[in-house]
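To keep things clear, I will list the structure first and then write my remarks on it.
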Amino acid sequence: MMLGLLLARAGVDVLVLEKHADFLRDFRGDTIHPSTLEIVHELGALDELLALPHQHVAELTAQIGDVTLPIADFRRLPVRCGFIAFMPQWDFLDFLARQGRRHPGFDLRMRAEVTGLLERDGRVTGVRATTPAGPLDVQADLVVAADGRHSLVRDRAGLPVETFGAPMDVLWFRLPRAAGDPAATMGRFDTGRIFIMLNRGDAWQCGFVIAKGTLDALRARGLDAFRREVARLAPFAAGRVGEVRGWDDVKLLTVRVDRLRRWHRPGLLCIGDAAHAMSPVGGVGINLAIQDAVAAANLLAVPLAERRLTPDDLHRVQRRREWPTRVTQRVQILVQRRVIAAVLGGRQPLRPPRLLRLLGAFPLLRRLAGRLVGLGVRPEHVRSPARSP
Ligand SMILES: Cc1cc2nc3c(=O)[nH]c(=O)nc-3n(C[C@H](O)[C@H](O)[C@H](O)COP(=O)(O)OP(=O)(O)OC[C@H]3O[C@@H](n4cnc5c(N)ncnc54)[C@H](O)[C@@H]3O)c2cc1C
């Protein structure tokens, strides 16, 4: 959506295809990072975005056993907004769609599911999709796969992928919020458990992290045992755990970390999770996907508008974004091994892992963590032209 908006703003005709009828998915992360807020500012739409309901989080904390530690500080970042805005992602996507529609070249088609690629002489020339009105073939100078970590497009394109593994999956469910509940989004680490609660106004969106492959064992212990576990992790919501009425209310989100060796083929570019599936660690995947979109627009808007796009242009996008992706994934994998796997495998009462104790003790390290999470490595700025009327 971000790339569609930026290209349409630069005078390129864009068609965004989304398979769902709306963006009301619960599984989306809700974080809009300082770097993304800076990009929205560069597009002149920051006040409009911040007028939508959201929470400011200037410092991230983690509760480990009975100890609460600050772990990342965004307040001194060299950007306009020294905080993460927590906003349901459907509001953010609707906002981007509204921004896009201000440009005549922008078209968003909902309930349009890409099912395959159109190819000629080894070059991708478009996509095939199903829509309520029947099959749709779209010819395009460039197809951009931004279809997430289960990307069908990258699969069909046969691009080679490197997989790094992840020790966990996440169970995703809702609990009602009540007057007197804390307002803040929370992360809690306890013996063998990690539990996240996102404030969604009238409900808590809960993430219950489990070791990969342990869902069947958890289900075998029964729903009541699961509810008791949730009540232990969020005592203030103990009276509401019965709202999880069955396993159908609990969705499994599989976590994967991987990266394409080559992000492009003639006529096709992958960005975001389609190019590099991100772990939820640090909540930075959306950030990286947006940065990819901005970099792609910076490098491709003019060649696309002038219809002189070459494979070298596509390779430049990979060259620009591969290093920040590698660094971020390396840190995520380190945290997965040193913190997540250790907590999930632990049987003893939990002490904060050394990495978190260091963050808790040293403000400078917290600012560094804030920089890595809030701005990322090699932050992008909007350089693509604003040519649309
Ligand atoms: C459990 C979990 C929690 C996470 N929490 C956070 C967080 O808090 N903060 C954060 O920054 N990151 C988080 N992440 C990572 C983050 O979700 C991703 O890195 C990010 O969403 C990638 O964005 P994207 O636009 O590339 O893909 P996605 O957000 O996955 O978007 C892909 C879009 O393509 C559509 N689509 C898919 N297939 C097709 C098709 N065939 N045709 C048409 N449309 C299609 C989908 O419906 C979707 O709208 C989390 C990941 C997991 C697994």
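All values reported here derive from a predicted model rather than from experimental measurement. Atoms within each ligand, like the ligands themselves, are counted from 1 in listed order.
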Would you check the N or O atoms of [X], main chain and side chain alike, for any that come under 3.5 Å of an N or O of ligand 1?
X	answer
G283	yes
T254	no
H20	yes
Q89	no
M278	no
D273	yes
G285	yes

From [options] - option closest to [atom] by heavy atom:
atom	options	value
atom 35 (C) of ligand 1	E18, M1, R256, K19	E18
atom 4 (C) of ligand 1	C270, P280, A293	P280
atom 42 (N) of ligand 1	I290, V114, D155, L152	V114
atom 11 (O) of ligand 1	N287, I32, I286	I286

Between [Y] and [X], is the closest basic N to carboxylate O distance under 4.0 Å?
X	Y	value
R227	D224	yes
R123	D121	no
R111	E113	no
D137	R128	yes

State whether the number of non-hydrogen atoms from other residues, nucleotides or ligands found under 6.0 Å of R232 atom CZ is greater than 12. yes
Result for side chain to side chain donor-acceptor pair (under 3.5 Å) between S279 and one of Q332, Q336, R256 points to Q336
With distance as the sole criterion, is a donor-acceptor pair present between the side chains of N287 and T31 under 3.5 Å? no
Atoms of ligand 1 less than 4.0 Å from [X] heavy atoms?
X	result
V170	1 (C)
L17	43 (C), 44 (N)
A289	23 (O), 26 (O)
R149	53 (C)
G272	26 (O)
A146	32 (C), 33 (C), 34 (O)
G148	27 (O), 30 (O), 32 (C)

So among R102, R387, H103, which one has a side-chain contact (heavy atoms from CB on, under 4.5 Å) with R9? H103
Could you tell me whether [X] approaches ligand 1 through its side chain, its backbone, both or neither, with non-hydrogen atoms closer than 4.0 Å?
X	value
V284	backbone
A129	neither
L253	side chain

Below 4.5 Å, heavy atoms only, C-beta onward: do I39 and Q291 meet side chain to side chain? yes
Which other residues belong to the hydrophobic cluster containing F164, where Ile, Leu, Val, Met, Phe, Trp and Tyr are joined when side-chain heavy atoms lie under 4.5 Å apart, directly or via other members? V257, I333
Answer with yes or no whether A277 contacts ligand 1, where contact means a heavy atom under 4.0 Å from a ligand atom. no
How long is the gap from CH2 on W247 to CZ on F226, to the nearest 0.5 Å? 5.5 Å
What class does the angle between the rings of W263 and H276 fall in, given that below 30° is parallel, 30 to 60° is tilted and above 60° is perpendicular? tilted
Do the ring planes of F83 and H56 sit parallel (below 30°), tilted (30 to 60°) or perpendicular (above 60°)? parallel
